[in-house]
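The structure under discussion appears below in the form of structure tokens.
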Amino acid sequence: MPDKRCRIRTRGPGPFLVVDLFNELMAAFGPQAWWPADGPFEVMVGAILTQNTAWTNVEPAIVALKKAALLTPRSLANAPLADLETAIRSSGYYRQKAGRLRDFSAWLLQEWGGDIDLMSQEPTLRLRTKLLNIKGIGPETADSILLYAAGKPVFVIDAYTIRILGRVGLTGHTDYECLQRLFERNLPLDIEIYREYHALLVLLGKDFCRRRPEKSNCSICPVGSRCEASLLAAV
DNA sequence: GGCCAGGTCAAAG
DNA sequence: CTTTGACATGGC
């Protein structure tokens with residue numbers, strides 16, 4: 001149900017279409033096959049570990065967890081915090097994230113007996129609310145878990161998405177839920193499209209977002225970062 | 001050496 | 001309701 005509070009406008013050369021951007025990105029870069037992980041539990045662990053952290057720092061942490069046989073809900077929930085901290089040190093915020101991983105794993109066990117398939121049968125919005133009630137799981141992490149681990153059609157918004165939209169001229173309500181609705185309103189209800197689109201936005205963000213020394217009128221990008229008037233030809 | 005990354009939470013203003 | 005600080009490592 002559309003929310004009247006979500007008023008989003010475009011400025012610049014022409015109307016901005018969510019669908020056009022997806023088509024251009026897909027044509028330019030092709031499918032990304034996200035999320036890079038071995039199974040849904042690993043997806044969820046990765047979603048927590050990558051919070052405000054480069055994926056290159058997350059990978060060694062996942063490997064270390066795997067090597068220490070800590071990559072199951074039960075072992076993660078029961079391991080000494082010190083062991084977790086050691087394993088995930090490379091991912092940064094390691095004390096905080098160790099606690100988050102353990103709390104989340106304990107929740108998985110308590111709510112669903114550690115059965116992710118069972119968890120995934122929960123209605124989407126109810127599951128989302130439950131995830132958000134866990135300390136350390138915010139909207140992006142929750143939605144990443146829903147989309148990439150539980151197979152729910154939920155569009156993930158991240159810092160790249162916000163920056164890119166700002167750059168192509170989007171103004172107005174740019175908070176998480178409004179932007180999420182913008183995408184969900186304009187796309188077919190299709191998990192694969194949601195998955196690819198978010199992956200492509202991250203790719204675009206990495207490859208283009210900070211390297212264009214053009215001028216910017218973007219009010220969303222952080223001070224000091226550069227934007228350009230158009231990204232792909234269309235926007 | 002400085003900047004920043006696939007955020008989140010709590011404490012102020 | 002909006003802004004700010006803390007959390008931390010590793011790559012460029």
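- Within 4.0 Å of A:Ala159, counting heavy atoms only, lie sugar-phosphate atoms of the nucleic acid but no base atom.
- Look at CG on A:Asp158: it is 10 Å from P on B:dT8, rounded to the nearest Å.
- Pairs passing the side chain to side chain donor-acceptor pair (under 3.5 Å) check and including a residue from residues 41-51 of chain A, sequence neighbours excluded, read A:Glu42-A:Lys66, A:Gln51-A:Arg100, A:Gln51-A:Thr141.
- For A:Thr86 and A:Asp83, the side-chain atoms include no donor-acceptor pair closer than 3.5 Å.
- Contact of the A:Trp55 side chain with the A:Pro36 side chain is registered, since non-hydrogen atoms from C-beta on lie closer than 4.5 Å.
- A side-chain donor-acceptor contact under 3.5 Å links A:Tyr176 to the backbone of A:Ile157.
- A:Leu81 and A:Leu71 fall within a single hydrophobic cluster, where Ile, Leu, Val, Met, Phe, Trp and Tyr side chains are chained together by heavy-atom contacts under 4.5 Å.
- Put simply, the side chain of A:Gln180 never gets that close to the backbone of A:Val156: no donor and acceptor are under 3.5 Å apart.
- If you measure from atom CD of A:Glu177 to atom P of C:dC1, you get 13 Å, rounded to the nearest angstrom.
- Placement of A:Leu49 and A:Tyr93 in two distinct hydrophobic clusters is found when ILVMFWY residues are connected by side-chain heavy-atom separations under 4.5 Å, directly or transitively.
- A search for salt bridge (charged side-chain N to carboxylate O under 4.0 Å, His left out) contacts involving A:Arg128 returns A:Asp143, A:Glu177, not counting sequence neighbours.
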Worksheet entry | side chain to side chain contact (heavy atoms under 4.5 Å, CB included) between A:Phe104 and A:Ile145, worked out | CA-CA 12 Å; A:Phe104 174 68; A:Ile145 288 170; 4.2 Å; yes
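- When the P atom of B:dC9 is taken as reference, atom CG of A:Leu132 falls 8 Å away, rounded to whole Å.
- Using a 4.0 Å heavy-atom distance criterion, A:Leu49 is classed as making no nucleic acid contact.
- Minimum heavy-atom separation, A:Pro73 to A:Ser105: O-CB, 3.5 Å.
- Separating the CD1 atom of A:Ile134 from the C1' atom of B:dG7 is a distance of 15 Å, rounded to the nearest angstrom.
- Atom pair A:Asn57:CG and C:dC12:C1' shows a separation of 12 Å (rounding to whole Å applied).
- Linking Ile, Leu, Val, Met, Phe, Trp and Tyr whenever their side-chain heavy atoms come within less than 4.5 Å puts A:Val19 and A:Ile193 in one cluster.
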Listing time: all N or O pairs from protein to nucleotides 11-13 of chain B that are below 3.5 Å?
none

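- Less than 4.0 Å separates DNA chain C from at least one heavy atom of each of the following residues of residues 77-94 of chain A: A:Arg89, A:Ser90, A:Gly92, A:Tyr93, A:Tyr94.
- Rounded to whole Å, atom C1' of B:dC4 lies 18 Å from atom CH2 of A:Trp55.
- Across the protein-nucleic acid pair, A:Asn52 atom CG and C:dA6 atom C1' stand 11 Å apart, rounded to whole Å.
- We find that A:Glu192 and A:Arg195 are joined by a salt bridge, their nearest charged nitrogen and carboxylate oxygen being less than 4.0 Å apart.
- Aromatic ring orientation, A:Phe183 versus A:Phe155: parallel (interplanar angle below 30°, classes split at 30° and 60°).
- When the P atom is used for both B:dA10 and C:dA8, the distance is 15 Å, rounded to whole Å.
- Projected onto DNA chain C by closest heavy-atom contact, A:Thr56 and A:Arg100 fall at different nucleotides, the more 5' of which corresponds to A:Arg100.
- Per the geometry, CG belonging to A:Asp175 stands 16 Å off C1' belonging to B:dG7, to the nearest Å.
- Using a 4.5 Å cut-off on side-chain heavy atoms (C-beta onward), A:Leu70 and A:Leu101 make no contact.
- Looking at residues 102-112 of chain A, you'll see that no heavy atom sits under 4.0 Å from any atom of DNA chain B.
- Contacts with DNA chain B (heavy atom under 4.0 Å) in residues 135-151 of chain A: A:Lys135, A:Gly136, A:Ile137, A:Gly138, A:Pro139, A:Glu140, A:Thr141, listed by number.
- A:Arg95 has no side-chain polar atom (N or O) that falls below the 4.0 Å cut-off from OP1 or OP2 of C:dC7.
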